[in-house]
**Student:** 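Quick one: structure below, then a few questions.
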Amino acid sequence: MSRNSSPWDQLLLQPPLCEGWKQNVEGAAYHLGNCILLLGYMGGSGIFGSIYIFSFLAPGYICYALWGWLNACGLDIFIWNMLLVMACVLQLAHLVYRLHKDTFLEEFDLLYKTLCQPLQVPFEVYKEIVKCCEEKVLSLGRDQNYAVEGKTPINRLSLLLSGRVRVSQDGQFLHYVFPYQFLDSPEWESLRPSEEGTFQVTLTAETDCSYITWPRRKLYLLLAKDRYIARLFSAFLGYDISEKLYALNDKLFAKFGLRFDIRLPSLHHVLGPASAEAEAEKELDEWEERAVPHRPMSTFVQTAASAPPPSAHPKAPRPDSALLGEDSTSLVLEDFAELSGSFMDYVSEGEYMK
């Protein structure tokens with residue numbers, strides 16, 4: 001090896017050899033520190049995994065510092081390990097602060113596990129949604145109204161957390177709202193952001209209830225800012241409205257026990273606003289009525305092979321439901337009001353639940 005070789009070359013190519021190995025082993029503090037570090041590096045990922053790791057690293061470095069002070073008698077060993085202990089303690093404090101900052105009420109934690117976690121919604125996104133409702137859980141006493149038909153303005157969107165809410169129209173019971181269902185999803189979808197309207201149904205708490213609510217304007221701003229949250233709410237609201245429609249459809253029975261199906265083409269006009277083809281269909285029905293004598297209808301539900309006979313009194317086309325602020329629930333009941341043996345015959349909730 002030449003004399004001009006650098007210290008790094010000498011260290012890598014010609015390392016110094018140990019002249020002799022120590023016969024005695026290191027102190028107990030050194031070996032205890034190694035055992036603690038071994039357990040610490042078995043921690044997982046995430047915030048709880050990090051807390052586990054640093055909780056073991058700090059006492060492990062303390063053992064090293066004691067070994068350097070008492071056995072090795074090296075000031076540098078003691079100083080370096082004490083610096084590592086301080087770094088671990090600071091990191092633990094930061095992790096605990098983050099954990100405390102991200103902690104919600106029990107109701108919000110359960111809401112995340114029920115609705116958002118199955119869809120793998122990031123927790124940061126969920127925090128934005130909760131922040132929009134100001135992290136408040138509101139209560140509704142028994143027999144207290146959440147909304148009154150024709151009086152309460154549609155200025156918010158609410159989600160029921162616990163309890164049961166009865167929905168009625170003109171004193172007629174429609175259906176229930178159960179936990180983790182929206183209280184006013186049809187009303188929310190019936191209006192554009194620039195429109196105003198009032199509830200067409202009355203919502204009354206049957207038990208002590210708790211719910212969260214998003215102010216309408218604040219939620220619209222959040223949906224306009226974050227497209228992911230907008231698509232998320234669109235999926236939630238679409239599923240909730242379909243559940244309400246099918247829940248109502250389960251109670252629409254014909255006189256002989258036949259159940260209406262909202263997927264049938266014969267019921268399509270009931271669940272949506274009248275189109276421009278309604279006028280032409282009305283004229284065609286009137287022409288067929290003059291050509292074919294009217295036959296009584298045995299049941300409302302018909303098979304695909306036999307089309308329903310024309311009505312003796314065809315209905316006039318319904319105005320746009322968006323202008324009236326109606327939801328699909330009110331449309332169904334009004335169109336089936338004249339049908340004998342239908343849901344309208346259930347005048348009491350006890351008879352309805354049988």
Side-chain angles (χ1 to χ4, degrees), residues 101-117 119 121-141 144-167 169 177-205 208-244 321-330:
K101 183 180 178 181
D102 295 340
T103 301
F104 293 116
L105 296 175
E106 182 181 357
E107 292 85 354
F108 288 108
D109 288 335
L110 191 57
L111 175 62
Y112 177 76
K113 294 177 182 178
T114 304
L115 290 185
C116 297
Q117 197 171 36
L119 299 179
V121 177
F123 194 74
E124 295 297 325
V125 175
Y126 180 69
K127 288 197 297 184
E128 290 293 325
I129 298 175
V130 173
K131 183 180 178 181
C132 185
C133 69
E134 300 178 353
E135 302 183 22
K136 292 182 179 179
V137 177
L138 306 178
S139 60
L140 199 65
Q144 184 178 353
N145 289 331
Y146 169 82
V148 178
E149 178 181 351
K151 295 181 179 180
T152 305
I154 305 173
N155 56 7
R156 55 182 173 171
L157 177 66
S158 300
L159 180 71
L160 187 65
L161 297 179
S162 64
R164 187 175 64 182
V165 174
R166 182 177 68 252
V167 181
Q169 184 183 45
V177 178
F178 296 101
Y180 303 108
Q181 291 183 343
F182 287 95
L183 290 169
D184 40 15
S185 52
E187 287 76 14
W188 174 271
E189 290 290 335
S190 67
L191 296 179
R192 298 184 179 91
S194 59
E195 296 178 339
E196 300 292 338
T198 57
F199 278 81
Q200 300 300 309
V201 294
T202 298
L203 289 88
T204 307
D208 292 334
C209 303
S210 62
Y211 66 97
I212 58 175
T213 185
W214 292 273
R216 186 183 179 200
R217 178 177 176 80
K218 197 172 181 179
L219 182 56
Y220 270 129
L221 292 177
L222 177 63
L223 300 182
K225 182 180 69 173
D226 195 315
R227 294 188 62 185
Y228 178 81
I229 297 180
R231 292 195 296 268
L232 189 64
F233 266 86
S234 178
F236 284 153
L237 291 170
Y239 177 78
D240 186 82
I241 292 176
S242 65
E243 285 292 306
K244 287 181 170 62
S321 60
L323 299 178
L324 298 177
E326 293 178 321
D327 58 6
S328 301
T329 298
S330 61

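All residue numbers refer to positions in the sequence shown, counting from 1.
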**Student:** Do Leu111 and Val130 have side chains that approach each other closer than 4.5 Å (heavy atoms only, starting at C-beta)?
**Tutor:** no
**Student:** Once rounded to the nearest 0.5 Å, what's the spacing between atom CG of Asp240 and atom CD of Glu189?
**Tutor:** 10.0 Å
**Student:** Kindly assign one of parallel, tilted or perpendicular to the pair Tyr211 and Tyr146, based on the angle between their ring planes and the thresholds 30° and 60°.
**Tutor:** perpendicular
**Student:** Looking at Gly163 and Cys209, what are the two nearest heavy atoms and their distance?
**Tutor:** CA-SG, 3.8 Å
**Student:** How about Tyr228: does its OH atom have over 12 heavy atoms from other parts shown lying under 6.0 Å from it?
**Tutor:** yes
**Student:** Does Lys131, at its NZ atom, have more than 12 non-hydrogen atoms belonging to other residues, nucleotides or ligands within less than 6.0 Å?
**Tutor:** no
**Student:** Would you check if Ile129 and Leu232 make a side-chain contact, meaning some heavy-atom pair closer than 4.5 Å?
**Tutor:** yes
**Student:** Assert yes or no for the condition that the ring centre distance of Phe233 to Trp188 is strictly below 6.0 Å.
**Tutor:** no
**Student:** Could you check whether any side-chain heavy atom of Phe182 comes within less than 4.5 Å of a side-chain heavy atom of Ile241, counting everything from C-beta outward?
**Tutor:** no
**Student:** Under 4.0 Å between a Lys/Arg side-chain N and an Asp/Glu carboxylate O for Arg216 and Glu196?
**Tutor:** yes
**Student:** Do Arg164 and Phe178 come within less than 4.5 Å of each other through their side chains, counting heavy atoms only?
**Tutor:** yes
**Student:** Shortest non-hydrogen contact from Ser162 to Pro179?
**Tutor:** CA-CG, 4.1 Å
